[in-house]
Amino acid sequence: MTELLKISLPDGSVREMPEGSTPADVAAAIGPGLAKAAIAAKVDGELRDIGRPFEGDAELALVTNRDEDEALELARHDFAHVLAEAVQALWPGTQITFGPATEDGFYYDVMAPADRAPFGMEDLPAIEEKMREIIKADKPLCREAWSRQALIDKWKADGESFKAEWAAELPEGEELTVYWSGAPNEEGSWMDMCRGPHLPSTGKLDPQAFKLMRVAGAYWRGDQANAQLTRIYGTGWLNKKQLNQHLMRLEEAAKRDHRKLGREMDLFHLQEEAHGSVFWHPQGYKIWRELESYMRRKMDGGGYREIKTPQVMDARQWEQSGHWGKYRENMFVIPDEVPNTEDEGPVISGEADWMALKPMNCPAHVIVFKQGITSYRDLPIRLGEMGCCHRNEPHGALHGLMRVRQFTQDDAHIFCTEDQVVEETRKFCELADSVYKDFGFKYEIKLALRPEQRFGSDADWDKAEEELRNAVKEAGMATEEFGWEELPGEGAFYAPKLEWHLTDAIGRTWQVGTIQSDRVLPERLDATYIGEDGGKHRPVMLHRAIFGSYERFIGILIEHFAGKVPVWLAPTQAVVAPIVSDIDDYAGEVLAKLEAAGIRASADLRNEKINYKVREHSLKKVPHLLVVGKREQEEGTVAIRTLGEKDQRVMPLDEALAMLTEEATAPDLR
RNA sequence: GCUGCUGUAGCUCAGUGGUAGAGCGCGUCAUUGGUAAUGACGAGGCCGGGAGUUCAAUUCUCCCUAGCAGCACCA
């Protein structure tokens with residue numbers, strides 16, 4: 001007599017099933033609709049194949065496409081397998097390696113056979129077509145347990161050297177599994193090593209819900225020393241509608257691209273001769289100046305004192321700070337000599353001492369701190385600088401304003417006693433909060449904990465991590481609302497750090513603000529203060545920034561607002577546009593009043609139709625267009641057309657001025 | 001830095017082994033038009049840089065450089 005298994009379902013009911021039965025059998029027993037919809041199972045909380053037999057009594061929850069997170073994960077993983085199968089079907093001899101689900105899709109790293117070039121964009125349509133065939137064939141996905149040795153032998157026999165290498169490294173004794181697409185060992189079936197779980201068959205995928213996006217190079221195991229593979233990226237969803245929504249989001253991101261908007265709005269440009277450094281145009285620099293004034297007010301109000309330190313310092317200084325040893329490959333160095341310019345020069349002797357452009361402001365701030373004698377009564381000392389730094393970034397890393405080689409930070413260093421660390425950190429949390437709120441950003445705070453490679457004792461790390469954690473708790477921000485999370489291994493080598501991640505209008509996140517407590521640099525540069533006991537003590541140094549860098553923050557603002565930055569930041573806040581040239585004088589009067597009120601405005605007196613002017617200034621993202629015609633002149637009014645609105649509002653000039661003045665006022669001054 | 005792709009007018013892009021084209025923008029003229037492109041005419045290019053192949057290179061080959069995508073990097 002066979003034993004019956006007790007399978008408990010989420011509604012609390014219990015079904016008795018014969019031994020050897022599977023979640024699919026349970027689904028079938030409940031009803032044909034569910035049997036069709038079920039794509040996987042959660043058995044005792046673990047996501048599993050729906051066709052995998054129970055091993056005993058179990059709690060079961062059937063997974064359908066309504067369980068979107070699980071369903072997407074499964075579908076993407078399966079798309080990746082189908083992708084690999086398709087590539088091997090088209091080009092036998094292709095080696096497969098690894099293919100996981102990603103945030104919005106999947107990829108698979110493959111190595112083209114020796115007799116053909118790496119796969120390119122032009123191969124994608126054929127691969128997509130083959131993938132659709134595999135999906136439509138509705139091949140069952142069958143799980144099979146293998147021994148490690150058998151698997152290694154199989155991969156070697158198939159010429160799959162990467163897979164063989166990988167299988168050999170999997171822990172011995174663990175049951176290894178493979179999945180077949182099609183019946184095991186049958187002609188036309190395809191196999192991959194995989195932990196699973198998978199959908200019951202390829203036909204559960206929607207052949208219209210994926211798209212191969214691009215190919216890129218990737219290294220075997222992410223290591224440059226290893227073979228270069230071709231990574232084929234796809235985006236995958238549960239249905240065509242979701243796919244289309246995703247493609248539209250990508251389009252939206254492309255529309256917001258700050259490099260494109262920067263050119264269209266004439267904010268800045270980049271060029272070959274200074275790659276990685278920004279040429280700010282008058283319009284773009286107006287945004288910068290407004291941000292800088294804003295941040296100065298914030299920092300002044302927070303008890304910071306602004307300084308300015310040298311751009312170039314002798315290498316000896318960088319040696320002492322540790323940058324020469326740890327960071328030199330990212331530093332621009334220059335010989336400390338006048339080059340010989342005879343015969344085509346410049347020629348350098350190679351014997352001069354080195355100097356370097358500063359990649360960070362911190363050593364210079366310690367130097368300023370060390371001038372004179374500091375008493376504990378003076379602490380905390382908060383030194384701020386709009387510090388212009390140069391970092392010789394890898395060329396492939398450069399990206400518009402987001403990653404540059406010359407940038408200016410809203411930097412500051414707080415020198416304080418051990419006892420003041422938590423309080424200073426808490427204050428910083430509040431300052432950062434007020435800034436991000438002024439821009440309307442939502443953000444999350446993360447604590448990056450000790451990395452494997454680090455300076456200092458575990459006791460120091462325990463303490464430093466606890467201080468930052470407590471400071472955020474005291475600020476009431478270590479909560480779900482603030483996305484509080486601790487990230488093991490992500491800290492700097494000398495200290496843990498708090499990170500502020502902004503979420504932009506289309507859901508992307510950007511790390512901007514940070515605070516790090518540092519006990520290493522004060523030590524290396526021998527910073528001290530005189531304590532209550534009359535002896536020398538070591539201050540703690542807090543490195544902190546809120547914007548991060550002006551360049552990057554402006555890039556984020558452009559993308560977040562799609563160029564339509566708030567009026568107080570807009571380079572041109574209003575344009576006066578007369579309809580006919582008879583009104584030019586009145587337009588001039590209006591402009592004069594705007595300028596007197598401190599509004600950044602101009603008048604468009606060109607011999608163009610009003611349609612043309614509206615279109616042009618709208619494209620330039622000017623927030624307010626003040627249209628004036630005969631009627632407005634007679635009545636002393638303006639017709640305001642606001643960016644993004646179709647209708648205009650006619651109002652008396654004084655009223656318009658009051659409105660614009662209000663909108664043009666920075667949020668901290670309102 | 002690695003791999004792939006790209007570099008033609010201010011911008012977006014066509015094109016060709018016999019030194020080039022469009023649209024927008026710009027200039028001139030006409031037009032004075034009520035809320036997202038008025039019309040005509042005109043100017044504007046060392047076809048990223050260097051080398052090679054060729055009678056001839058913007059076009060083919062190689063090297064360099066920058067950009068783009070991804071990877072690696074981002075203390």
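Per chain, numbering begins at 1; letters A, B, ... match sequence-line order.
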Q: For the side chain of Val580(A), counting heavy atoms from C-beta on, which of G33(B), A72(B), G25(B) is nearest?
A: G33(B)
Q: When you compare G49(B) with A14(B), how far apart are their C1' atoms, in angstrom units rounded to a whole number?
A: 24 Å
Q: Look at the side chain of Arg231(A) against the base of A69(B) and say whether a donor-acceptor pair falls under 3.5 Å; ignore hydrogens and angles.
A: no
Q: Determine, for Glu393(A) against Arg405(A), whether the closest basic-nitrogen to carboxylate-oxygen distance falls under 4.0 angstrom.
A: no
Q: Is atom NZ of Lys260(A) surrounded by more than 12 heavy atoms (other residues, nucleotides or ligands) closer than 6.0 Å?
A: yes
Q: Can you tell me, in whole Å, how much space there is between the C1' of U58(B) and that of G7(B)?
A: 12 Å
Q: Between Lys630(A) and Gln633(A), do the side chains contain an N or O donor and an N or O acceptor separated by less than 3.5 Å?
A: no
Q: Looking at every strand, decide which applies to Glu608(A) at a 4.0 Å heavy-atom threshold: base, sugar-phosphate, or nothing.
A: base
Q: Measure up the Trp500(A) and Phe428(A) rings against each other and bin them: parallel (under 30°), tilted (30 to 60°), perpendicular (over 60°).
A: perpendicular
Q: Roughly how many Å is it from NE2 in His258(A) to C1' in C68(B), rounded to a whole number?
A: 13 Å
Q: Tell me the closest heavy-atom pair linking Ala574(A) and Leu660(A), and the distance in Å.
A: CB-CD1, 4.3 Å
Q: Can you check whether any acceptor in the base of G34(B) is under 3.5 Å from a donor in the side chain of Glu632(A), or vice versa?
A: yes
Q: Is the distance from OP1 or OP2 of C68(B) to the nearest side-chain N or O of Arg259(A) less than 4.0 Å?
A: yes
Q: Quick one: does Glu559(A)'s side chain have a donor or acceptor within less than 3.5 Å of a partner on His258(A)'s backbone?
A: yes
Q: Gln317(A) versus His323(A): any side-chain heavy-atom pair under 4.5 Å?
A: no
Q: Side chain of Ala639(A), heavy atoms from C-beta onward: which of G1(B), G34(B), A36(B) has the nearest atom to it?
A: G34(B)
Q: Has Lys593(A) got more than 12 heavy atoms of other residues, nucleotides or ligands less than 6.0 Å from its NZ?
A: no
Q: Between G7(B), A72(B), A37(B), which one does the side chain of Glu272(A) approach most closely?
A: G7(B)
Q: Will you find, in the side chains of Lys621(A) and Thr572(A), an N or O donor that is under 3.5 Å from an N or O acceptor?
A: no
Q: What is the distance from CD of Glu490(A) to P of C74(B), rounded to the nearest Å?
A: 11 Å
Q: Taking only nitrogen or oxygen atoms into account, show me every contact under 3.5 Å that the protein makes with nucleotides 39-42 of chain B, one pair per line with its distance.
A:
none

Q: Please state how far atom CG in Leu124(A) lies from atom C1' in C5(B), giving the value in whole angstrom units.
A: 13 Å
Q: Using whole Å, report how far CD of Glu273(A) lies from P of G48(B).
A: 14 Å
Q: With distance as the sole criterion, do the side chain of Arg403(A) and the base of C73(B) form a donor-acceptor contact below 3.5 Å?
A: yes
Q: OP1 or OP2 of A36(B) sitting under 4.0 Å from any side-chain N/O of Asn611(A)?
A: yes
Q: Flag the pair Arg249(A) and Glu252(A) as a salt bridge only when some basic side-chain nitrogen lies within less than 4.0 angstrom of an acidic carboxylate oxygen.
A: no
Q: Check for a donor-acceptor pair, side chain of Arg256(A) on one end and backbone N or O of His560(A) on the other, with a separation under 3.5 Å.
A: yes
Q: Name the closest nucleotide to the Tyr612(A) side chain, picking from U65(B), C73(B), A37(B).
A: A37(B)
Q: Taking the same atom, P, in C73(B) and in C13(B), what whole-Å distance lies between them?
A: 32 Å
Q: Which value, in whole Å, describes the distance between the C1' atoms of nucleotides G42(B) and U53(B)?
A: 41 Å
Q: Could you work out which one of G34(B), U38(B), A69(B) sits closest to the side chain of His399(A)?
A: A69(B)
Q: Say you pick atom P in C41(B) and the same atom in G52(B); how far apart are they, in whole Å?
A: 45 Å
Q: For RNA chain B, report each stem as range with range, ordered by first number, or say none. Use Watson-Crick or G-U wobble pairs under 3.5 Å, at least 3 in a row.
A: B:1-7 with B:65-71, B:10-13 with B:21-24, B:26-30 with B:38-42, B:48-52 with B:60-64
Q: What is the distance from atom CE of Met541(A) to atom CG of Leu521(A), rounded to the nearest 0.5 Å?
A: 5.0 Å
Q: With a 4.0 Å cut-off on heavy atoms, is Ile610(A) in touch with a base, just the backbone sugar-phosphate, or nothing at all?
A: sugar-phosphate
Q: Do Lys463(A) and Glu465(A) meet the salt-bridge criterion of a basic N to acidic O distance under 4.0 Å?
A: no
Q: How do Ser581(A) and Gly396(A) order along RNA chain B: which one's closest nucleotide is nearer the 5' end?
A: Gly396(A)
Q: If I pick the P atom on U28(B) and the same atom on G15(B), what distance separates them, to the nearest angstrom?
A: 34 Å
Q: Expressed as a whole number of angstroms, how long is the span from Arg606(A):CZ to G25(B):C1'?
A: 11 Å
Q: Which of the following nucleotides, C73(B), G33(B), G34(B), is nearest to the side chain of Lys609(A)?
A: G33(B)
Q: Looking at every heavy atom in both Gly400(A) and Leu270(A), which two are closest together, and how far apart are they?
A: CA-CD1, 3.9 Å
Q: Looking at A66(B), G34(B), A36(B), which one has an atom nearest to any side-chain atom of His395(A)?
A: A66(B)
Q: In whole angstrom, give me the gap between the P atoms of U6(B) and G44(B).
A: 31 Å
Q: Once you apply a heavy-atom cut-off of 4.0 Å, does Lys613(A) come out as touching a base, just sugar-phosphate, or nothing?
A: nothing
Q: Could you tell me how far apart Arg615(A) (CZ) and G25(B) (P) are, to the nearest whole angstrom?
A: 8 Å
Q: Can you tell me if the side-chain N/O atoms of Tyr233(A) get under 4.0 Å from OP1 or OP2 in A69(B)?
A: no
Q: Under 3.5 Å between N/O atoms: give me all the protein pairs with nucleotides 10-12 of chain B, atom names plus distance.
A:
from, atom 1, to, atom 2, distance (Å)
C11(B), O3', Arg263(A), NE, 3.4
U12(B), OP1, Arg263(A), NE, 3.4
U12(B), OP1, Arg263(A), NH2, 3.1

Q: Name the nucleic acid region contacted by Leu398(A), choosing base, sugar-phosphate or nothing; use a 4.0 angstrom heavy-atom cut-off, strictly under.
A: sugar-phosphate
Q: To the nearest angstrom, how far is Gln271(A) atom CD from G49(B) atom C1'?
A: 15 Å
Q: Think His617(A) has a side-chain N or O under 4.0 angstrom from the OP1 or OP2 of A36(B)?
A: no
Q: Quick check on side chain to side chain contact (heavy atoms under 4.5 Å, CB included): which of Tyr550(A), Trp280(A), Phe553(A) does Leu401(A) satisfy it with?
A: Trp280(A)
Q: Distance between the C1' atoms of U12(B) and G39(B), in whole angstroms?
A: 24 Å
Q: Nearest whole Å is fine: how far is A36(B) P from Lys621(A) NZ?
A: 15 Å
